[in-house]
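Counting begins at 1 with the first residue of the sequence. Just so you know, these numbers come straight off a predicted model, no measurement behind them.
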Amino acid sequence: MKTDKEEVTEKELPRVQVNGIECITGADALLRSLIEEGVDTIFGYPGGAIMPTYDKLIDYEDKLTHILTRHEQGAAHAAQAYAMVTGRPGICFATSGPGATNLVTGIANAFLDSIPVVFITAQVTSTLIGSDAFQETDIIGVSMPVTKWNCQVKKSQDIPETIAKAFYIAKSGRPGPVLVDITKDAQIEKVNFKYRKCDYIRSYNPHIPLHTKAIESAAIMINHAERPLILAGHGVLISGAEKELQAFAEKTGIPVASTLLGLSAFPSAHRLYTGMLGMHGNYGPNVLTNQADLIIAIGMRFDDRVTGNLKKYAKQATIIHIEIDEAEINKNVSVDVEINNDAKEVLSYLIPLVKEKSYEKWIREFRICDKAEYEKVIIPETKPEKGEIRMGEVVNLVSELTRGDAIIITDVGQNQMYAARYYKFTQPNCWVTSGGMGTMGFGLPAGIGAQIALPKKTVVAFLGDGGFQMTVQELGTILQYKVPLKIIILNNNYLGMVRQWQEMFHDKNYASTELVNPDFVMIAKAYGIASRNITKRDDLKDSLIEMLESEGPYLLDITVEKQGNVFPMVEPGSSVSEIRLSY
């Protein structure tokens with residue numbers, strides 16, 4: 001017996017057969033194409049041009065969950081986080097004009113961080129394109145510099161093939177965002193639906209044959225190195241090469257450092273792990289980069305925040321670069337061995353070729369650096385005996401209470417750097433942040449996306465008071481979908497990172513960085529979210545436990561040191577070996 005819902009659906013979607021192929025609307029074709037690709041969750045915001053697709057969404061609610069965010073930017077960041085923690089493409093919907101342009105920051109964020117997100121935007125009716133119609137914007141032209149591929153669809157018959165191509169491009173090679181812009185009439189027109197996944201596009205060759213000779217040359221260099229260092233980037237996580245990286249490091253005995261986006265690719269507690277590279281990274285891997293005789297860079301792009309002054313970067317070292325995107329090789333740093341392949345494939349081939357070794361004397365140098373950093377920076381930051389609450393001690397306590405097993409989300413700024421430095425990761429793909437773009441406002445919607453993707457995991461979002469207010473409206477998404485996200489606002493009433501630079505490099509001219517904030521606890525309560533403000537150190541641990549043990553969403557507003565600074569720090573224009581431990 002059919003339910004009332006099934007009878008209504010059947011009336012709305014007559015199953016007209018043409019030569020055994022079902023005839024449906026373009027909107028139906030879009031949604032069914034997503035289902036064919038294994039999609040179960042969509043983040044988005046409706047509007048006029050995309051209304052035909054939203055009109056059909058209700059017919060697929062048993063297979064597709066739509067999350068209505070409060071702003072299109074929030075949908076974009078949530079979709080990116082969903083992709084980062086699941087390894088599957090995130091999906092984001094928006095309408096034409098302002099709906100589409102509101103996605104651009106999120107698209108650029110995914111592009112710079114190599115995250116596969118399929119953005120679906122709607123466009124005005126095809127006959128109106130170019131007429132400056134209401135809510136018409138050339139989103140193809142706007143998004144071209146920040147997408148891996150984009151395309152406009154004006155005919156319903158092109159929707160299935162275009163979606164298949166979009167998924168293939170987004171996922172393969174170096175992943176990234178794609179955008180498909182579909183006109184309103186294409187969503188309404190009928191199409192004879194047949195779906196076939198894409199696995200080949202002429203002139204697009206993401207699967208590069210393994211460069212075995214280069215790998216063999218690299219193995220010889222590795223076997224003869226005296227002071228080698230592995231730099232692990234985001235590409236290790238993207239390729240799923242965490243186990244291979246650990247096996248390679250353990251066999252060779254080579255110490256490992258990670259980039260900001262490479263965090264969680266290697267266990268923080270591992271004896272070979274030396275910490276994070278970069279401007280606010282750990283002392284040892286920065287200083288000793290300029291003493292290594294061999295650098296093995298895996299899935300990273302030698303970003304300026306990692307290298308510091310390029311004229312002074314690793315001039316003494318032979319460099320092996322394992323990177324899937326050929327454009328990144330020799331772009332910033334000239335290398336000696338180019339291996340333009342997937343990290344997992346390269347490491348799998350390389351491991352049998354390298355010798356078992358140990359570098360105890362070399363690793364001891366990292367530990368000496370660790371001791372200096374521990375005494376001058378880490379102890380004062382994580383175990384202060386007096387004064388205001390420090391950001392580092394909050395992160396350190398959360399790390400201890402969650403045993404390094406939570407999904408950690410950050411916004412951008414000091415909160416991001418403290419979380420990166422003091423959370424001890426035990427599992428891969430549990431770190432979600434905005435790296436290349438450095439997008440304030442990323443954290444809250446990203447936390448929502450990660451929590452929806454992994455509902456049984458503890459997800460903790462560290463936010464600054466500035467970044468939180470950029471996307472504070474997404475508390476409404478938490479309210480509507482009962483997302484049990486744990487939110488920690490590290491509240492110093494400043495744009496903290498900008499203020500730090502003003503203190504250090506602009507004679508303490510704190511121009512437009514001090515914030516007059518509202519009562520965040522009251523705002524959270526207005527959205528039905530349990531909340532609490534903490535100002536005293538004696539209340540900190542108990543409040544964190546209360547937050548972590550709560551079943552629903554929780555916002556903890558922690559008043560922290562007003563003018564605290566993140567150290568170590570590589571000053572702009574300095575060499576990584578000139579990293580400072582204090583102001």
Requested in this report: Apply ring-ring contact (aromatic ring centres under 6.0 Å, His included) to His71 and list each qualifying residue two or more places apart in sequence or on a separate chain.
Outcome: none
Requested in this report: Please test Asp303 against Arg301 for salt bridge (charged side-chain N to carboxylate O under 4.0 Å, His left out), starting from the C-alpha separation and ending with a verdict.
Outcome: CA-CA 5 Å; Asp303 176 81; Arg301 56 190 178 91; 3.6 Å; yes
Query raised in the report: Do the charged groups of Lys344 and Asp342 touch, with an N to O distance under 4.0 Å?
Result: no
Report task. Please report the C-alpha distance between Asp113 and Met437 in whole Å, then the side-chain angles of each, then the deciding distance to 0.1 Å, and finally whether the side-chain contact (heavy atoms from CB on, under 4.5 Å) criterion is met. Result -> CA-CA 8 Å; Asp113 289 351; Met437 191 73 170; 5.8 Å; no
Query raised in the report: Considering the options Ile107, Val104, Leu103, which one meets the side chain to side chain contact (heavy atoms under 4.5 Å, CB included) requirement together with Val142?
Result: Val104
Query - Between CD1 on residue Ile67 and CD1 on residue Ile91, distance to nearest 0.5 Å - result: 13.5 Å
Query raised in the report: So, are Glu36 and Arg196 salt-bridged, with charged N and O less than 4.0 Å apart?
Result: no
Query raised in the report: Step by step, would you call Leu229 with Leu294 a side-chain contact (heavy atoms from CB on, under 4.5 Å)?
Result: CA-CA 6 Å; Leu229 176 61; Leu294 178 69; over 6 Å; no
Query raised in the report: If you round to the nearest 0.5 Å, how far is NE2 of His280 from CD1 of Ile579?
Result: 9.0 Å
Query raised in the report: Using 4.0 Å as the upper bound for N to carboxylate O, is an ion pair formed by Glu216 and Lys213?
Result: no
Query raised in the report: With sequence neighbours left out, which residue pairs that include part of residues 198-221 fulfil the ring-ring contact (aromatic ring centres under 6.0 Å, His included) condition?
Result: Tyr168-Tyr204
Query raised in the report: Gln246 side chain to Ala249 main-chain N or O, any donor-acceptor pair under 3.5 Å?
Result: no
Query raised in the report: Looking at Leu245 and Ile230, what are the two nearest heavy atoms and their distance?
Result: CD1-CG2, 4.0 Å
Query - Under the side-chain contact (heavy atoms from CB on, under 4.5 Å) test, residues paired with Val337 that sit two or more places apart - result: Ala214, Ala218, Met221, Ile320, Ile339
Requested in this report: May I ask you to decide if Ala317's main-chain N or O and Asp293's side chain share a donor-acceptor pair within less than 3.5 Å?
Outcome: no
Query raised in the report: Checking side-chain contact (heavy atoms from CB on, under 4.5 Å) for the pair His66/Phe43: CA distance, chi angles, key distance, verdict?
Result: CA-CA 6 Å; His66 180 270; Phe43 300 90; over 6 Å; no
Query raised in the report: Judged by atom type as modelled, is there a donor-acceptor pair below 3.5 Å linking the side chain of Asp411 to the main-chain atoms of Gly443?
Result: yes
Query - Under the side-chain contact (heavy atoms from CB on, under 4.5 Å) test, residues paired with Met504 that sit two or more places apart - result: Gln500, Phe567, Met569, Glu571, Arg580, Tyr583
Requested in this report: Check ring-ring contact (aromatic ring centres under 6.0 Å, His included) between Tyr45 and all other residues, then give those that pass, not counting sequence neighbours.
Outcome: none
Query raised in the report: Got a donor-acceptor contact below 3.5 angstrom from the Ser434 side chain to the Thr439 backbone?
Result: yes
Query raised in the report: Do you know which two heavy atoms are closest between Ile319 and Ser334, and how far apart they sit?
Result: CD1-O, 4.0 Å
Report summary line: Here the ring-ring contact (aromatic ring centres under 6.0 Å, His included) pairs for residues 228-269, sequence neighbours left out, are Phe266-His270
Query raised in the report: Quick one: side-chain hydrogen bond (donor to acceptor under 3.5 Å, both in side chains) partners of Ser114, sequence neighbours excluded?
Result: Arg174
Requested in this report: Check for a donor-acceptor pair, side chain of Asp40 on one end and backbone N or O of Leu64 on the other, with a separation under 3.5 Å.
Outcome: no
Report task. Measure across Leu231 and Phe302 and return the closest heavy-atom pair with its distance rounded to 0.1 Å. Result -> CD1-CE2, 4.2 Å
Requested in this report: Any chance you could measure Thr105, atom OG1, to Met440, atom CE, to the nearest 0.5 Å?
Outcome: 13.0 Å
Requested in this report: Dump the intermediate steps for side-chain contact (heavy atoms from CB on, under 4.5 Å) on Ile409 and Val459, then the final yes or no.
Outcome: CA-CA 7 Å; Ile409 316 293; Val459 180; 3.6 Å; yes
Query raised in the report: Would you say Thr426's side chain and Gly404's backbone share a donor-acceptor pair under 3.5 angstrom?
Result: yes
**Report entry** Greater than 12 external heavy atoms within 6.0 Å of Glu250's CD
**Finding:** yes
Query raised in the report: With sequence neighbours left out, what residues match Lys457 under salt bridge (Lys or Arg N to Asp or Glu O under 4.0 Å)?
Result: Asp405
Query raised in the report: Any chance CD of Glu326 has more than 12 other-residue heavy atoms, nucleotides or ligands included, within less than 6.0 Å?
Result: no
Query - Separation between CD1 of Ile215 and CD1 of Ile351, rounded to the nearest 0.5 Å - result: 11.5 Å
Query raised in the report: Counting N and O atoms only, with roles assigned by atom type, does the side chain of Tyr195 sit under 3.5 Å from a partner on the main chain of Ala164, one being a donor and the other an acceptor?
Result: yes
Query raised in the report: Listed by chain and number, what are the side-chain contact (heavy atoms from CB on, under 4.5 Å) partners of Ala49, not counting sequence neighbours?
Result: Thr95, Ser96, Ala122
Report task. Could you tell me whether the side chain of Ser264 and the main chain of Asn429 form a donor-acceptor pair under 3.5 Å? Result -> yes
Query raised in the report: Does Arg421 come within less than 4.0 Å of Glu373, counting only side-chain N to carboxylate O?
Result: yes
**Report entry** Under-4.0 Å salt bridge between Lys251 and Glu356
**Finding:** no
**Report entry** Asn341 side, atom CG; Ile324 side, atom CD1 - distance, nearest 0.5 Å
**Finding:** 8.0 Å
**Report entry** More than 12 heavy atoms from other groups under 6.0 Å of NZ on Lys63
**Finding:** no
Report summary line: So side chain to side chain donor-acceptor pair (under 3.5 Å) across residues 308-322, not counting sequence neighbours, yields none
Report summary line: Separation between OG1 (Thr307) and CE (Met279), nearest 0.5 Å, reads 9.5 Å
**Report entry** ring-ring contact (aromatic ring centres under 6.0 Å, His included) contacts touching residues 408-462 (sequence neighbours left out)
**Finding:** His77-Phe442, Tyr423-Phe425, Phe425-Trp431
Query - With Lys154 via side-chain contact (heavy atoms from CB on, under 4.5 Å) - residues at least two apart - result: Ser126, Ile129, Gln152, Thr183
Query raised in the report: Should the heavy atoms of other residues, nucleotides or ligands under 6.0 Å from CZ of Arg227 be counted, would the total exceed 12?
Result: yes
Query raised in the report: Sub-3.5 Å donor-acceptor pair from the side chain of Lys148 to the main-chain atoms of Ile169, do we have one?
Result: yes
Report task. List the atom of Pro160, the atom of Gln157, and the distance in Å for their closest heavy-atom pair. Result -> CD-O, 3.8 Å
Query raised in the report: Considering all heavy atoms of both residues, which atom of Leu260 and which atom of Gly435 are nearest to each other, and what is their separation?
Result: CD2-CA, 4.3 Å
Query raised in the report: If you take all heavy atoms of Ser143 and Asn150, which pair is closest and at what distance?
Result: OG-ND2, 3.1 Å
Query raised in the report: Quick check: does any side chain N or O of Asn282 sit under 3.5 Å from a backbone N or O of Met276, one acting as donor and the other as acceptor?
Result: yes
